[in-house]
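Report on one structure; see the data block that follows.
Below, chain A is the first sequence line, B the second, and so on; all start at residue 1.
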Amino acid sequence: MDILKDLNPAQREAVQATEGPVLVLAGPGSGKTRVLTHRVAYLVRGCGVDPYNVMAVTFTNKAAQEMMGRLHHLLGQRLRRLTIGTFHAICSRILRREAKHLDVTSDFAIYDQSDQLGLVRQALQDLNLDEKMYRPQAILATISKAKNELIGSESFEPQTYWQEVAGRVYTRYQELLLANNAQDFDDLLMNAVHLFTRHPDVLAKYQRRYLHILVDEFQDTNTAQYVLVKRLAGENSSLFAVGDEDQSIYAFRGADFRNVHRFRNDYPDARLVLLEQSYRSTQTILDVAKAVISYNIHRTPKDLRTEKGQGLPIVAHEAYNEQEEAQYVVDEIAHLVAEGTCRPGDCAIMYRTNAQSRVLEDAFVRAGLPYKLVGATRFYARREIKDVLAYLRLVHNSHDSVSLARIINVPPRGIGPKTRSALERWADDLKVPIYTALQMLREEIEGSRGGEEVTACLPSYACNVLADFAELLGELIAAREKLSVLELLDLILDKSGYSAYIRDGTEEGEDRWNNILELRTVAREYLDLPPEAALTTFLEEVALVSDVDSFDEAVNAPTLLTLHMAKGLEFPVVFMVGLEEGLFPHSRSFNDPEAMEEERRLCYVGITRAKERLYLVHTFRRTMYGESQVSVPSRFIADVPDHLIAGREEAQAALGEEERRYRWQVQWPVTSGPAVTVQFETGDRVRHRLFGEGIVIESKVTGADEEVTVAFEEEGIKRLLASFAKLEKLNG
DNA sequence: CTGGTGACAGTTTTT
DNA sequence: CTGTCACCAG
């Protein structure tokens with residue numbers, strides 16, 4: 001059968017194991033996407049399974065699209081009845097379909113991170129809480145974490161006072177979401193699970209449908225996703241999970257690679273398939289990767305191998321500082337290109353933090369060479385895009401007060417905070433949504449042209465601008481049913497004055513306008529759908545899609561990207577820069593072994609992106625936060641055996657024994673935990689010579705010292721270094 | 001309602 | 001050293 005013909009034995013085994021649960025542990029470059037697509041094709045073509053009974057979950061929309069494309073190619077037909085998409089997209093579709101069982105209607109809005117933050121701020125305000133003490137970011141992280149663990153606001157159990165407050169914000173936040181007829185990203189997952197818990201009949205319906213469930217990137221699932229899959233699969237579906245523990249790099253977002261182990265526990269008779277043959281990297285690169293990852297304790301050892309041969313030793317380079325590091329990379333690429341080794345587009349430069357891209361960009365600009373920068377500011381996070389989308393969302397769902405708040409004065413139309421809060425108070429008194437209040441206001445004004453007082457005690461100027469705004473919205477909403485998304489977009493841009501507002505003649509304005517034009521191109525894709533469906537689908541996809549400007553393969557220039565964004569990609573030549581203790585591994589992981597393991601996995605991901613050539617670059621000194629500091633080379637470089645690094649063995653041999661030991665100590669000393677032990681922890685009562693008594697809020701190790709944040713009774717919150725501050729502990 | 005100033009924090013972010 | 005954000009004066 002031709003679907004199986006270009007698969008190796010392990011891949012074929014995975015594809016053909018259609019009875020019972022299967023877990024595939026796939027090394028980097030071992031063809032896991034291939035296995036996934038071929039399995040779907042095999043089910044449909046080889047086993048006569050109706051695509052309607054198959055669900056394939058990917059981690060990005062891009063991956064879903066690619067898989068669709070490959071299936072089309074493989075089968076020569078489009079599988080329209082196949083369920084394929086991200087967890088969020090699939091859940092959102094289910095929730096809309098089953099909205100009658102939920103507290104929202106089927107046209108609920110989906111809130112992204114910045115919408116969520118806005119809502120958290122509002123919740124904090126409603127509860128009269130101080131944003132300084134309760135950082136919206138931190139609160140949101142707590143809420144998100146809870147939701148990922150399927151803990152609703154009603155079952156949230158605080159461990160500390162701070163968490164008790166966070167729990168109250170959580171409750172208020174959920175009320176606000178509901179009032180706005182909205183769900184946030186995490187809700188999509190949690191509520192899908194809750195829906196299935198509360199309505200076994202609904203669950204049964206989906207279980208009957210999805211007889212084959214395939215999950216990609218299984219190591220990056222969170223609890224909610226794991227439970228969801230398990231529920232959906234039930235007793236009868238064949239569950240197929242593909243992943244690689246060593247590439248789990250999203251723990252900070254709730255992902256837990258232990259789900260791989262959980263899977264093995266929950267399904268003891270699951271068939272385990274290991275894909276260990278790499279079709280990507282040379283043996284040397286695989287050996288480097290293996291050496292680095294082998295220091296992790298929590299993993300299943302794998303024996304990665306390739307038929308590509310040993311290849312070249314990797315290069316470890318020390319630059320003087322970050323400017324020279326960037327220059328080295330640019331020069332090296334220019335050199336490789338000049339000697340015909342590779343094309344510029346074959347090269348990628350990877351770094352731990354986005355901030356590092358600046359210096360690299362500078363170097364390319366100065367050299368007059370083009371480069372591609374992947375996703376610093378994401379397209380859909382751009383202000384102008386969010387603004388225009390807010391208009392569309394509001395037109396679609398007039399209860400969406402977050403969107404309303406966003407654009408009520410954008411472009412400026414004289415509705416300041418004062419007018420706005422008066423309007424809010426009035427709407428609150430009448431117990432109607434703000435949009436309804438706006439329309440009522442407009443009617444009253446039209447009814448009383450004479451100018452007598454209106455019920456809402458607002459100054460007449462405010463009344464007029466608000467009425468104008470209400471009229472604009474009314475007009476747009478009325479147009480919704482007749483117009484395509486594209487026409488609606490144009491109407492909004494025109495009537496609201498947004499295009500005039502954005503195109504202010506500056507270069508930046510023109511950039512922003514171009515982004516809006518980009519959005520118009522996206523909208524054009526929805527032209528053949530009927531208006532209402534088009535708007536819903538458009539907003540849905542736009543909310544769940546990360547970046548349209550995901551990088552352009554066609555441009556032949558080096559790619560600059562963070563290590564996280566590199567996952568799933570491959571390049572013939574890879575430069576990993578900034579391999580220094582504190583930067584990579586990042587200092588925040590120093591006192592947390594689990595976080596350190598994740599840094600190591602991140603390093604593993606970076607290394608295994610390389611097909612032929614790998615450069616590990618670090619600096620002698622680096623400027624951080626305006627201060628130049630001598631840097632210590634990353635432990636990850638030290639973990640690479642000398643014989644895999646070009647010139648390293650000779651260099652080591654040339655050094656005398658004593659010097660070698662010296663270098664070992666100075667350069668790679670970081671074998672155990674942090675040098676500084678933490679003396680203070682949250683909750684400790686302390687006394688300071690000048691500031692008096694207080695309570696420790698936070699304590700962390702920074703560099704060679706401990707930084708303690710203390711809330712003093714008299715002096716407020718201070719940040720102190722333990723070695724200078726001479727803090728006295730009071731609670732014994 | 002703007003624009004300016006000061007305080008402050010400063011990983012990663014497939015959805 | 002940066003960028004962001006809250007707050008205040010014009």
Side-chain angles (χ1 to χ4, degrees), chain A residues 57-66 85-92 110-114 116-117 121 130-132 135-138 141 144 147-148 183-189 216-217 219-222 224-225 247-255 322 350-356 358-359 374-378 380-381 409-420 461 465 540-547 550 561-569 578 582-590 595 598-599 601-603 605-606 622-628 702 707 709 717 719:
Chain A
V57 190
T58 60
F59 248 73
T60 63
N61 293 290
K62 197 176 148 212
Q65 279 165 26
E66 276 173 14
T86 61
F87 274 108
H88 292 84
I90 291 173
C91 286
S92 143
I110 298 171
Y111 279 4
D112 70 10
Q113 177 146 353
S114 67
Q116 293 177 45
L117 267 170
R121 288 221 170 81
D130 182 10
E131 286 198 10
K132 289 263 155 56
R135 293 244 160 58
Q137 290 277 8
S144 172
K147 287 182 177 178
N148 287 161
Q183 307 250 328
D184 67 21
F185 279 149
D186 305 311
D187 280 330
L188 296 175
L189 307 173
D216 193 10
E217 305 281 13
Q219 77 283 356
D220 282 328
T221 52
N222 58 36
Q225 291 164 336
Q247 292 186 63
S248 163
I249 54 172
Y250 283 99
F252 69 92
R253 281 180 72 237
E322 64 271 25
M350 303 175 187
Y351 35 82
R352 177 68 239 263
T353 69
N354 276 309
Q356 291 170 258
R358 262 275 279 277
V359 190
V374 179
T377 351
R378 286 164 54 215
Y380 286 106
N409 198 34
V410 178
R413 46 173 77 87
I415 308 177
K418 251 185 125 178
T419 312
R420 205 184 302 177
Y461 167 76
V465 283
E540 161 105 14
E541 290 184 12
V542 143
L544 295 177
V545 157
S546 56
D547 46 349
S550 66
L561 74 180
T562 63
L563 286 151
H564 281 89
M565 289 189 292
K567 189 162 139 195
L569 305 174
L583 185 58
F584 188 34
H586 197 273
S587 53
R588 298 234 172 160
S589 62
F590 282 174
E598 177 141 321
E599 295 288 305
R601 291 193 294 268
L602 192 54
C603 187
V605 166
R622 179 174 297 270
T623 307
M624 277 182 106
Y625 308 142
E627 233 180 327
S628 173
T702 52
E707 190 182 280
T709 313
I717 295 173
R719 186 155 300 172

With centres under 5.5 Å and planes under 30° as the test, does His586(A) stack with dT11(B)? yes
To the nearest 0.5 Å, tell me how far Leu189(A) CG sits from Gln225(A) CD. 5.0 Å
Separation of the P atoms in dT13(B) and dT4(C), to the nearest angstrom: 15 Å
Check the interface with nucleotides 5-7 of chain C: list each N/O to N/O pair with the protein under 3.5 Å, or write none.
unit_1	atom_1	unit_2	atom_2	d
dA6(C)	OP1	Arg121(A)	NE	3.4

Does Arg253(A) contact dT14(B) through a side-chain donor or acceptor facing the base, at a distance under 3.5 Å? no
Give me the atom names and distance for the closest heavy-atom approach of Glu540(A) to Ala89(A). OE2-O, 4.1 Å
Please confirm whether any donor atom in the side chain of Lys567(A) sits under 3.5 Å from an acceptor in the base of dT14(B), or the reverse. yes
Rounded distance in Å - CG (Leu602(A)) to C1' (dT11(B)): 10 Å
The side chain of Asn354(A) is closest to which nucleotide in this list: dT15(B), dT12(B), dC1(B)? dT12(B)
Of all heavy-atom pairs between Ala64(A) and Gly85(A), which one has the smallest distance, and what is that distance? CB-CA, 4.0 Å
The side chain of Met565(A) is closest to which nucleotide in this list: dC1(B), dA9(B), dT13(B)? dT13(B)
Is it the case that the base of dT11(B) and the side chain of Arg352(A) share a donor-acceptor contact (distance under 3.5 Å, atom types as modelled)? yes
Using the C1' atom on both, measure dG3(C) against dT14(B) and round to a whole Å. 25 Å
Using side chain to side chain contact (heavy atoms under 4.5 Å, CB included) as the criterion, list what pairs up with Arg413(A), not counting sequence neighbours. Tyr391(A), Asn409(A), Pro411(A), Ile415(A), Phe469(A), Leu472(A), Ser496(A)
Quick test of the criterion, 5.5 Å between centres and less than 30° between planes. Is Phe87(A) stacked on dT15(B) or not? no
Quick one: does Glu322(A)'s side chain have a donor or acceptor within less than 3.5 Å of a partner on Val359(A)'s backbone? no
Quickly work out the Phe59(A) CZ to dT15(B) P distance and round it to whole Å. 10 Å
Could you work out the separation of dT11(B) and dA6(C) based on their C1' atoms and round it to a whole Å? 24 Å
